[in-house]
Amino acid sequence: MNGVAATTRLPGFPMDRQCPYHPPPGYTDLRAEGPAARVRLYDGRVAWVVTGHADTRRLLLDRRLSSDRSRADFPVLVPRMAASKLVALVGMDPPEHDVQRRMLAPSFTVNRVKTLRPAITRIVTERIDALLAGGPVADLVPRFALPVPSTVICELLGVPYDDHEFFEDQTRRMLMATSTAEQAATASGTLVAYFEKLIAKRIDDPGEGLVGTLIRERLSTGELDRTQIASIVMFLLVAGHETTANMIGLSILTLLEHPEELNELRQDPHLIKEAVEELLRFLSVADELQRVAAEDIELGDVVIKAGDGVYLPNASANRDAEVFPDPDVLDLRRDARPHLAFGHGVHQCIGQNLARAELEIGLQQLITRIPTLRLAEPVETLGVKPGGSVQGIYRLPVTW
Ligand code: HEM
């Protein structure tokens, strides 16, 4: 790391948001430092933060940056990550990564997701029926934003939704920035054990969903063992509901806070696809992509040394004025497609088609069926999840 001697006053990282739908204010100062700024992690280690869109995009394609979380020099963003077993796919480098990716990709193609749209529509409809039957005031986090993606990913995987309270709770313990390494390790161990048991029960009759497919096509051939399948399924379940749930909740809040944009979307239902892309850019809920440099990398006038930790916060790249004019303005009609909310390169989100379908169907139905939807409490009272977690809000009380 260059200039380590002069690092005493470096800003801490991760940074917290003050407003749930804007990046941490500290990102503006990091950007002013140039293409990469130095920050200090909780354990005292110094790491780089890359702030611009072009550099982030280029570096996410650069093989000299490693995602291998089993490396001793992989940076630890928050204590919980020191012990997490969440290493399937996203924590691996090619060629091991590519082998797993190829096994899973057919379950997430555009065409496969098309076949899931009727099920997603049914799940969304049932949730809104229940909301309307219960009447206001309702908290949309537990009543809508969380159960929709949680039910969808259970159907896709073939995991019983009846166990949702158990795995949602373990996921929270594993992913919350405030969890200790021990709490996170216990939660991920508990989840892997749950899936190993589920797989054992399915050996003779694998059944529907991706769990069944992996048992039939990969366990019997010896390509994967039970523990590998359990950790892949755990990762898909966690990645599949936590990110999308936060994205649905924050999208509703953001639309309610931008009534003109919301009205435009109500008037023109064809706008929904662009609206979802802009919300993905604007909200960037899966911020802080993390890597370690496997070799020296020059970036402008700095050299990222082999062994240095590197963070690529997409909430910074997605507010780069060079690519998105007036980046802090929510504009549902802009071309937000170059956003990096799903990452880029070999690790680009495998579930992005599914997430888009859930957002399109969920948001459209909600705003159409409940046209008078509004916040029941001021946004300032909702609380913001700390940096180092998937970004979102804990609760979303609404009335109509
Ligand atoms: C990877 C964001 C929904 C599964 C990623 C990455 C991002 C991301 C930024 C790249 C991480 C990196 O490069 O380090 C999101 C957002 C979502 C979402 C914002 C919702 C709005 C989903 C869903 C699934 C999923 C529904 C379904 C199972 C995955 C997997 C990876 C991944 C498996 C790792 C891919 C790999 O390493 O090859 N996601 N995701 N995500 N996501 Fe998503």
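All ligand and atom numbering here is 1-based and tracks the order in the structure. Just so you know, residue 1 is the first one in the sequence shown, and it goes up from there. Remember, it's a predicted structure, so these values are computed and weren't measured experimentally.
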Atoms of ligand 1 less than 4.0 Å from [X] heavy atoms?
| X | answer |
| --- | --- |
| Met247 | 21 (C) |
| Thr244 | 3 (C), 20 (C), 26 (C) |
| Phe108 | 27 (C), 28 (C) |
| Leu236 | 28 (C), 33 (C) |
| Val90 | 11 (C), 12 (C), 14 (O), 34 (C), 37 (O) |
| Leu89 | 33 (C), 36 (C), 37 (O), 38 (O) |
| Val346 | 38 (O) |
| His97 | 36 (C), 37 (O), 38 (O) |

Salt-bridge criterion met for [X] and [Y] (N-O under 4.0 Å):
| X | Y | answer |
| --- | --- | --- |
| Arg63 | Glu295 | no |
| Asp296 | Arg64 | no |
| Glu182 | Arg80 | no |
| Asp308 | Arg291 | no |
| Arg173 | Asp169 | yes |

Classify the ring geometry of Tyr161 against His164: parallel below 30°, tilted from 30° to 60°, perpendicular beyond 60°. parallel
Parallel, tilted or perpendicular: ring planes of Tyr21 versus His258, cut at 30 and 60 degrees: perpendicular
Tell me the protein heavy atom at minimum distance from [atom], and give that distance in Å.
| atom | answer |
| --- | --- |
| atom 9 (C) of ligand 1 | Ala341 O, 3.3 Å |
| atom 31 (C) of ligand 1 | Phe235 CE2, 3.8 Å |
| atom 35 (C) of ligand 1 | Arg101 NH1, 3.3 Å |

I'd like to verify the contacts: list protein N, O or S atoms under a distance of 2.8 Å from atom 43 (Fe) of ligand 1. Cys349 SG
Passes side chain to side chain donor-acceptor pair (under 3.5 Å), Thr213 versus Glu217? Steps please. CA-CA 6 Å; Thr213 309; Glu217 295 177 8; 5.4 Å; no
Charged tip of Arg319 within 45° of Phe282 ring normal and under 6.0 Å: yes
Verify whether one side chain among Ser70 and Asp68 offers a donor that lies under 3.5 Å from an acceptor in the other. yes
Ignoring hydrogens and geometry beyond distance, is a side-chain donor-acceptor pair present between Arg266 and Thr368 at under 3.5 Å? no
So, is Gln290 polar-close to ligand 1, with some N/O to N/O distance under 3.5 Å? no
Contact (N/O only, under 3.5 Å) between Glu358 and ligand 1: no
Mark the output for Ile153 as yes if a heavy-atom distance to ligand 1 is under 4.0 Å, and as no if none is. yes
Only counting residues at least two apart or in another chain, list the ones meeting ring pair (Phe, Tyr, Trp, His ring centres under 6.0 Å) with Tyr27. none
Less than 6.0 Å separating the ring centroids of His339 and His53? no
Judged on heavy-atom distance to atom 14 (O) of ligand 1, which of Gln348, Arg291, His347 sits nearest? Arg291
